[in-house]
Amino acid sequence: MNYVATELKRTIDIKSIVSIHYFEYTSDFTYPGESHDFWEMIYCDKGALHITAGEKSFNLGIGQAFLHHPSQFHNVEPANNEPANSVVLSFYSDSQRLQNLADSPLNFDNYARTSLFSIIREAKASFENPLGRIDEPMLLRKPSEEVFAAEQVIQNYAELLLIHLIRKTDYSTSFPELPREEKNSRLANEISRYMSENLSKKITFSEITRIFSVSPTTLKKLFKSYYRCGTMEYLTSLRIERAKELLRGGKHTCTEISSLCGFCSIHHFSKVFKEKCGISPTEYLHTIKAMLDSSNIKTDS
């Protein structure tokens, strides 16, 4: 029998990536807005974002995203004068079906969030650029490949993310996940949410295993698989990220922040913060504000 190969159709094709960012906005962040010839997706990860898209403007809540089509003028700023975080993915594609996703907020489910997280994870392995810098015009490859085929994985996850969102929008269907993968992913998210909602409390490893009915070995493997770190290390990172938000908000003292984020004392808070960030809480605040102020300078057009 003479077999004939079938060339597979590529309905969604991302030709190149322009930027992959994870931004942390202070409550007073401003930006003059921009337009360009590539697609840009912005996802709200914390707080709320006020979006301008052409003549439209609205707020995005946690778990929502918006896809700006090429040439559309757009802007973003924190809503309600509160700190907020976003993921921004911009890319070139000639796929006409992307128009189906533009001009309306998109609600991310677990599959979409996991895909976006995977893109960020692979980007950290692929590029030297800090993901929070707004003033770098291109992604710079690392001198040597840290993870095999990481750039291709970014492309694959980005295309799968867009296909998934189009299927949800057009057909109310989505990719099925393997039962075990879906269960583990949901459990990891539930534990992460529990931690985030109880940062001011003392949380122990044994308490987590008891509340979520998992063995210590399973819990360790779960966090290594989904977050690339230990369980308590992940909790500490959540405490530090929350502390950064409160510092940027400017409404609390360092003593209050240390308590709100679950540190036993201001000295413990300062020690851990400096270990993780390389600078003290006060130095961090000044550095972030200086960086944002420099990126907010408007030039004459």
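This is a predicted model, so every value here is computed, not measured. Note that these values count all heavy atoms, side chains included, but never hydrogens, waters or copies made by symmetry.
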I'd like to check [X] versus [Y] (side-chain heavy atoms, cut-off strictly below 4.5 Å). Are they in contact?
X    : Y    : value
Q72  : T52  : no
K244 : N85  : no
L246 : E256 : no
L235 : L199 : yes
K56  : D103 : yes
H68  : E34  : no
N198 : I203 : yes
L219 : I191 : yes

Starting at [atom1] of [X], measure out to [atom2] of [Y] and round the result to the nearest 0.5 Å.
X    : Y    : atom1 : atom2 : answer
E77  : T26  : CD    : OG1   : 11.0 Å
I211 : E207 : CD1   : CD    : 4.0 Å
N129 : K142 : CG    : NZ    : 10.0 Å
L247 : E283 : CG    : CD    : 12.0 Å
L162 : N100 : CG    : CG    : 11.5 Å
H50  : L60  : NE2   : CG    : 10.0 Å

Between [X] (side chain only) and [Y] (backbone N and O only), is there a donor and an acceptor less than 3.5 Å apart?
X    : Y    : answer
N75  : Y31  : yes
S258 : T255 : yes
S95  : L98  : no
S115 : Y157 : no
R113 : F108 : yes
Q64  : G61  : yes

After noting the C-alpha distance and the side-chain angles of D13 and Q155, does the key distance pass the side chain to side chain contact (heavy atoms under 4.5 Å, CB included) rule? CA-CA 9 Å; D13 184 12; Q155 181 185 36; 4.2 Å; yes
Does Y194 have any ring pair (Phe, Tyr, Trp, His ring centres under 6.0 Å) partners at least two apart in sequence or in another chain, and if so, which?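 Here the qualifying residues are F212.
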Taking atom types as modelled, is there a side-chain donor on S280 or S270 under 3.5 Å from an acceptor on the other?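 Their side chains do not contain a donor-acceptor pair, so the 3.5 Å distance test is not met.
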Looking only at side-chain N and O atoms, does Y284 offer a donor or acceptor that is under 3.5 Å from a partner on R248? yes
Who are the salt bridge (Lys or Arg N to Asp or Glu O under 4.0 Å) partners of K124, not counting sequence neighbours? none
All salt bridge (Lys or Arg N to Asp or Glu O under 4.0 Å) counterparts of R141, not counting sequence neighbours: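 For R141, the residues satisfying salt bridge (Lys or Arg N to Asp or Glu O under 4.0 Å) (neighbours in sequence not counted) are E151.
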Let me check something: do [X] and [Y] share a hydrophobic cluster, defined by ILVMFWY side-chain heavy atoms less than 4.5 Å apart, either directly or through other members?
X    : Y    : result
L187 : M232 : yes
I257 : I279 : yes
V18  : I154 : no
L131 : F91  : yes
L222 : F205 : yes

For [X] against [Y], the heavy-atom pair lying closest together:
X    : Y    : result
P32  : F73  : O-CZ, 3.5 Å
I17  : I14  : CD1-CG2, 4.1 Å
A102 : H69  : CB-CD2, 4.3 Å
E145 : A150 : OE2-N, 4.4 Å
K168 : N107 : NZ-O, 3.3 Å
Y25  : P78  : CB-CG, 3.5 Å

Less than 4.0 angstrom from a charged side-chain N to a carboxylate O is my criterion; do E190 and R193 meet it?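 Not counted as a salt bridge, because no side-chain N and carboxylate O are separated by less than 4.0 Å.
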Please indicate whether [X] has more than 12 foreign heavy atoms, meaning atoms of other residues, nucleotides or ligands, lying under 6.0 Å from its [atom1].
X    : atom1 : value
K221 : NZ    : no
E55  : CD    : no
Q99  : CD    : yes

Set out, in order, the CA-CA distance, both residues' side-chain angles and the distance that settles side chain to side chain contact (heavy atoms under 4.5 Å, CB included) for I240 and C277, then state yes or no. CA-CA 9 Å; I240 293 297; C277 303; 3.8 Å; yes
Stepwise side chain to side chain contact (heavy atoms under 4.5 Å, CB included) test for H164 and D109: CA-CA 10 Å; H164 176 72; D109 57 12; 2.9 Å; yes
Among residues at least two apart in sequence or on other chains, which ones pass side chain to side chain contact (heavy atoms under 4.5 Å, CB included) with K274?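 Residues passing side chain to side chain contact (heavy atoms under 4.5 Å, CB included) with K274: none at all.
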Under 6.0 Å between ring centres: does that hold for F58 and F66?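 Between F58 and F66, the centre distance is under 6.0 Å.
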Which residue pairs pass the ring-ring contact (aromatic ring centres under 6.0 Å, His included) test with at least one member in residues 230-254, sequence neighbours excluded?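 Passing the test, one end in residues 230-254: F223-Y234, Y227-Y234.
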Donor-acceptor pairs under 3.5 Å, side chain of residues 38-48 to any protein atom, not counting sequence neighbours: which ones?
residue, atom, partner, partner atom, Å
W39, NE1, S93, O, 3.2
E40, OE1, H36, NE2, 3.0
E40, OE2, H74, NE2, 3.4
D45, OD2, Y22, OH, 2.5
K46, NZ, E245, OE2, 3.4

